[in-house]
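Shown next, in structure tokens, is the structure this report addresses.
For the single chain, residues carry numbers from 1 onward in sequence order.
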Amino acid sequence: MLISDISSACLSGLGKAWDFLCRADKLIPLIILATSIVGVAGIYSSGSSRGSEEWLSQIAFLVAGAVVYIVVAAIPYKLYSDWSGWLYILGIALLVPIAICAVANRDLGGLIHSVNGSRRWYFLGTLGIQPSEFAKIATVVMLARLLSLRPLGSFLSSWRTVARAIGVVALPCALIVVQPDLGSSLVYIPMLLTMLFLAGLATKFFWVIGIVGTLLVSIVAVDIYFYRERIISYYVSQDERPSDPARDIRGQYQAVSWLPLKDYQRDRLLSFVDPEAIDPKGIGSSWNVRQALISVGKGGLDGAGFNKGTQAKLGYLPKLAAHNDFLFSVVAEEYGFVGCAGLVLLYLLMLFRALQISFRARDSFGALLAAGIAMIVMVHVLINIGMNIGLMPVTGLSLPFMSYGGSFVLSCFILLGLLQSVHCHTPRPGERSGVPAPEVMNSSLTSGYRLEKQTR
């Protein structure tokens, strides 16, 4: 009798596993596999001349991430809605100790300590864990839960929900900015605006946000302008022209005191706007971007071939950046325009499939969660590739499934696992969902995609 029960349980489990496999989306896992292979090859190439084994660590991160992906995808996504509060609390709790150490400018033994002037990781021996990567997962789940509870309309009728949504995003964003890690915090703003728009908030709100955003950008532009003038003034005042004037005056300038900008962040912005002013000899803060552009240009149409790129091997792309922020330039040099176009196409297919899953979701939580995940991935891709080809300032955002890093790789797998969960656990046409009045995604040529209540 016992053997019969065990056999029945095993057969039932195998049946459920087979059903899950049949329902699972096949395109996104294939894209993950393809981008991961290209990423490992690029990491190997960037460090082969110095005998680096980071590519082996990346493979280990990818294998661990694949396991987590399957587990996350197998859990019905509506359970994440139930757990959203606890997940959010956990994400914030992980950020708080690091933020306190960063504000106090103090280390916490070997657990939290400064790396290049920032405190962003927990260190467990040789393993570094970056909690900001997991905080954005908890935030997108919590935000989807909050906005799915009731439909939005005009700002006056929905301001309480909008205020809560802004608060949900502002808290982790502020804790990340003080680390300081301005790049990671940039992901939250487009994610919030996208999800508010899809939740049905009136378009007037976004016009106001656009105006406020323009004013903030203008203030930053004024700050950068005076910072530039300070650098030029210092440069021309020296009898012997300094090779890196921005480094010499770092920490001595503050035009807009309430702006949470560090001088190295001003350097990055000015390197994008006017590299000749901040780095006249090209060996300072604009070095990485210049070398990345050279690397991309050297790739030509079809590239130099696997492991034949020279920019990273000869040290022009620093070892701390070549396998991470500037990995795209390594790939561009070795696989050329054709390889880069194929890579961009893979990410576009991933984005298209994520939006397709969002539009097909039968409830607002699933639709908003999928759309938020799509926006997070898209922001990472746009900013990382943009800064490699000189179209974006350097912000430190990594390329999904390619850039080196355990926390980032794992967070990408969790995000795409959540997306797979929405796909697998959304009832197909003809199946009973158990929801008497489901919400569906509608489209409009004039106002974009919205979530609207549909009664049957």
Side-chain angles (χ1 to χ4, degrees), residues 13 16-17 19-21 23-40 43 54-84 86-95 120-122 124-142 144-145 172 184 187 191 324 346-347 350 353-354 357 366 369-370 372-374 376-377 380-381 398-426:
K16 291 180 180 179
D19 180 62
F20 175 77
L21 184 62
R23 295 172 66 93
D25 176 68
K26 312 300 189 300
L27 179 60
I28 287 182
L30 289 175
I31 295 174
I32 292 174
L33 178 62
T35 52
S36 298
I37 291 173
V38 175
V40 170
I43 292 170
E54 289 165 335
W55 66 279
L56 291 174
S57 299
Q58 184 75 350
I59 291 175
F61 297 148
L62 291 168
V63 171
V67 174
V68 173
Y69 173 88
I70 294 171
V71 173
V72 172
I75 299 173
Y77 70 92
K78 291 184 180 180
L79 289 180
Y80 296 112
S81 176
D82 298 336
W83 302 338
S84 59
W86 292 108
L87 291 173
Y88 184 75
I89 291 172
L90 178 61
I92 297 300
L94 290 173
L95 290 174
R120 303 177 185 178
W121 296 270
Y122 290 106
L124 304 175
T126 59
L127 179 65
I129 300 173
Q130 189 172 4
S132 61
E133 296 295 343
F134 304 105
K136 66 187 176 188
I137 300 170
T139 303
V140 73
V141 174
M142 184 64 187
R145 164 71 175 180
S184 295
V187 176
M191 177 188 72
N324 195 333
L346 288 176
Y347 281 121
M350 180 185 288
R353 188 59 178 150
I357 291 171
L369 180 61
I373 291 169
I376 290 174
V377 173
H380 272 272
V381 172
S398 302
L399 200 56
F401 301 103
M402 289 186 58
S403 296
Y404 178 82
S407 297
F408 178 66
V409 168
L410 192 59
S411 69
C412 288
F413 273 105
I414 293 174
L415 286 170
L416 273 295
L418 289 169
L419 187 66
Q420 183 72 268
S421 177
V422 174
H423 175 79
C424 290
H425 299 287
T426 293

(Q) With side-chain contact (heavy atoms from CB on, under 4.5 Å) as the criterion, how do Ile92 and Ile89 come out once you've worked through the C-alpha distance, each side chain's angles and the decisive distance to 0.1 Å? (A) CA-CA 5 Å; Ile92 297 300; Ile89 291 172; 5.9 Å; no
Q. Yes or no on side-chain contact (heavy atoms from CB on, under 4.5 Å) for Ile137 and Leu418, after CA distance, side-chain angles and deciding distance?
A. CA-CA 9 Å; Ile137 300 170; Leu418 289 169; 3.9 Å; yes
Q | side chain to side chain donor-acceptor pair (under 3.5 Å): pairs with one or both residues in residues 30-39, sequence neighbours excluded | A | none
Quick check: does any side chain N or O of [X] sit under 3.5 Å from a backbone N or O of [Y], one acting as donor and the other as acceptor?
X	Y	value
His423	Ala354	no
Thr426	Val422	yes
Tyr347	Leu399	no

Closest approach of [X] to [Y] (non-hydrogen atoms, all atoms of both residues):
X	Y	result
Ser421	Tyr80	OG-CE1, 4.2 Å
Ser184	Gln130	OG-NE2, 4.4 Å
Ile28	Met350	CD1-O, 4.5 Å
Tyr88	Pro172	OH-CD, 3.4 Å
Gln58	Ser403	NE2-O, 3.1 Å
Pro131	Arg120	CD-O, 3.3 Å

Q: Begin with the C-alpha distance, continue with both residues' side-chain angles, and end with the deciding distance and a verdict on side-chain contact (heavy atoms from CB on, under 4.5 Å) for Val377 and Leu416.
A: CA-CA 9 Å; Val377 173; Leu416 273 295; 4.1 Å; yes
Are [X] and [Y] packed together at the side-chain level, in the sense that at least one heavy-atom pair is separated by less than 4.5 angstrom?
X	Y	value
Leu87	Met142	no
Asn324	Phe408	no
Trp83	Val141	no

Please report the interatomic distance [atom1]([X]) to [atom2]([Y]), rounded to the nearest 0.5 Å.
X	Y	atom1	atom2	result
Lys78	Leu369	NZ	CG	12.5 Å
Leu410	Phe134	CG	CZ	4.5 Å
Ile357	Gln420	CD1	CD	6.5 Å
Asp25	Cys424	CG	SG	8.0 Å
Leu419	Arg353	CG	CZ	8.5 Å
Ile376	Thr139	CD1	OG1	8.0 Å

Q) Once the angle between the rings of Phe413 and Phe401 is folded into 0 to 90°, is it parallel (under 30°), tilted (30 to 60°) or perpendicular (over 60°)? A) perpendicular
**Q.** Test side chain to side chain contact (heavy atoms under 4.5 Å, CB included) applied to Glu133 and Ser411, Ser398, Cys412, the passing residue
**A.** Ser411
Q: Output, in order, the C-alpha distance, side-chain angles, deciding distance and verdict of side-chain contact (heavy atoms from CB on, under 4.5 Å) for Trp121 and Ile129.
A: CA-CA 5 Å; Trp121 296 270; Ile129 300 173; over 6 Å; no
